[in-house]
Amino acid sequence: MRKIAAAIITYNEEKNIERCIKGLLKCVDEIVVMDSFSNDRTKDICIQHGVRFIQDKWEGYAQTKN
């Protein structure tokens with residue numbers, strides 16, 4: 001059976017990320033958050049929900065998602 005993953009690109013999304021993760025947990029097998037070094041609580045919230053969390057510099061939407 002194939003697994004479904006969701007990729008989320010973030011920067012300072014503490015107000016929205018928890019709701020986004022909770023909504024995705026119902027329909028995907030894995031959530032990967034690609035963060036551009038947020039300086040709010042985005043990282044903490046993601047880690048609390050057990051998602052795969054990666055930080056890297058912003059290189060544009062296509063490059064970042066790839």
Side-chain angles (χ1 to χ4, degrees):
M1 182 177 202
R2 289 188 175 176
K3 291 189 174 188
I4 298 173
I8 305 169
I9 297 174
T10 62
Y11 180 71
N12 290 339
E13 287 293 334
E14 71 179 356
K15 293 180 181 178
N16 303 304
I17 194 66
E18 184 170 34
R19 185 177 39 152
C20 179
I21 291 170
K22 286 181 176 181
L24 285 170
L25 284 172
K26 300 172 187 175
C27 56
V28 299
D29 300 300
E30 178 184 24
I31 299 172
V32 179
V33 175
M34 178 59 212
D35 181 74
S36 296
F37 297 100
S38 292
N39 53 29
D40 63 0
R41 293 188 55 246
T42 299
K43 180 178 181 178
D44 297 332
I45 294 166
C46 290
I47 291 171
Q48 287 174 353
H49 289 285
V51 304
R52 187 170 164 210
F53 188 82
I54 302 166
Q55 286 185 307
D56 201 359
K57 65 181 179 176
W58 176 251
E59 295 184 15
Y61 287 102
Q63 293 86 345
T64 301
K65 267 204 171 178
N66 287 334

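What's counted below: heavy atoms across the whole structure, side chains too, no hydrogens, waters or symmetry copies.
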Novice: Look at the side chain of S36 and the backbone N and O of K57, then say whether any donor-acceptor pair between them is shorter than 3.5 Å.
Specialist: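 No: the side chain of S36 does not pair with the backbone of K57.
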Novice: How about Q48 and R41: do any of their side-chain heavy atoms sit closer than 4.5 Å?
Specialist: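 The answer is yes, as the side chains (C-beta and beyond) meet within the 4.5 Å cut-off.
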Novice: Any non-hydrogen side-chain atom of T42 less than 4.5 Å from a side-chain atom of D35?
Specialist: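 Yes; the side chains approach each other to less than 4.5 Å.
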Novice: Enter the distance from N12:CG to N39:CG here, rounded to the nearest 0.5 Å.
Specialist: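 Between atom CG of N12 and atom CG of N39 there are 4.5 Å.
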Novice: I need the full list of ring pair (Phe, Tyr, Trp, His ring centres under 6.0 Å) pairs touching residues 29-54, with sequence neighbours left out, sorted by first then second residue.
Specialist: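 Passing the test, one end in residues 29-54: no pairs.
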Novice: Nearest heavy-atom pair of I45 and E18: which atoms, and what distance?
Specialist: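 Looking at all heavy atoms of both residues, the shortest contact is CG2-CB, 3.8 Å.
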Novice: Are M34 and D56 side-chain neighbours, meaning at least one heavy-atom pair lies under 4.5 Å?
Specialist: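 In contact.
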Novice: For residues C27 and I4, determine if any side-chain heavy atom of one lies less than 4.5 Å from a side-chain heavy atom of the other.
Specialist: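 A side-chain contact under 4.5 Å is absent here.
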Novice: If we only count heavy atoms from C-beta on, is the V33 to I9 side-chain gap below 4.5 Å?
Specialist: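 The answer is no; the side chains never approach within 4.5 Å.
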Novice: The test is side chain to side chain contact (heavy atoms under 4.5 Å, CB included); show your working for E30 and K3 and say whether it passes.
Specialist: CA-CA 8 Å; E30 178 184 24; K3 291 189 174 188; over 6 Å; no
Novice: As an exercise, state the distance from CD1 of I8 to CZ of R52, rounded to the nearest 0.5 Å.
Specialist: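 I8 CD1 to R52 CZ: 13.0 Å, rounded to 0.5 Å.
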Novice: Working to the nearest 0.5 Å, report the span between CG of L25 and SG of C20.
Specialist: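 If we round to the nearest 0.5 Å, L25:CG and C20:SG are 9.5 Å apart.
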Novice: Donor-acceptor pair, D40 side chain versus E14 backbone, under 3.5 Å?
Specialist: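 Indeed, once roles are kept as given, a pair shorter than 3.5 Å links the two residues.
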Novice: Does the side chain of R19 come within less than 4.5 Å of I21's, by heavy atoms?
Specialist: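 In short, these two side chains do not touch, never coming nearer than 4.5 Å.
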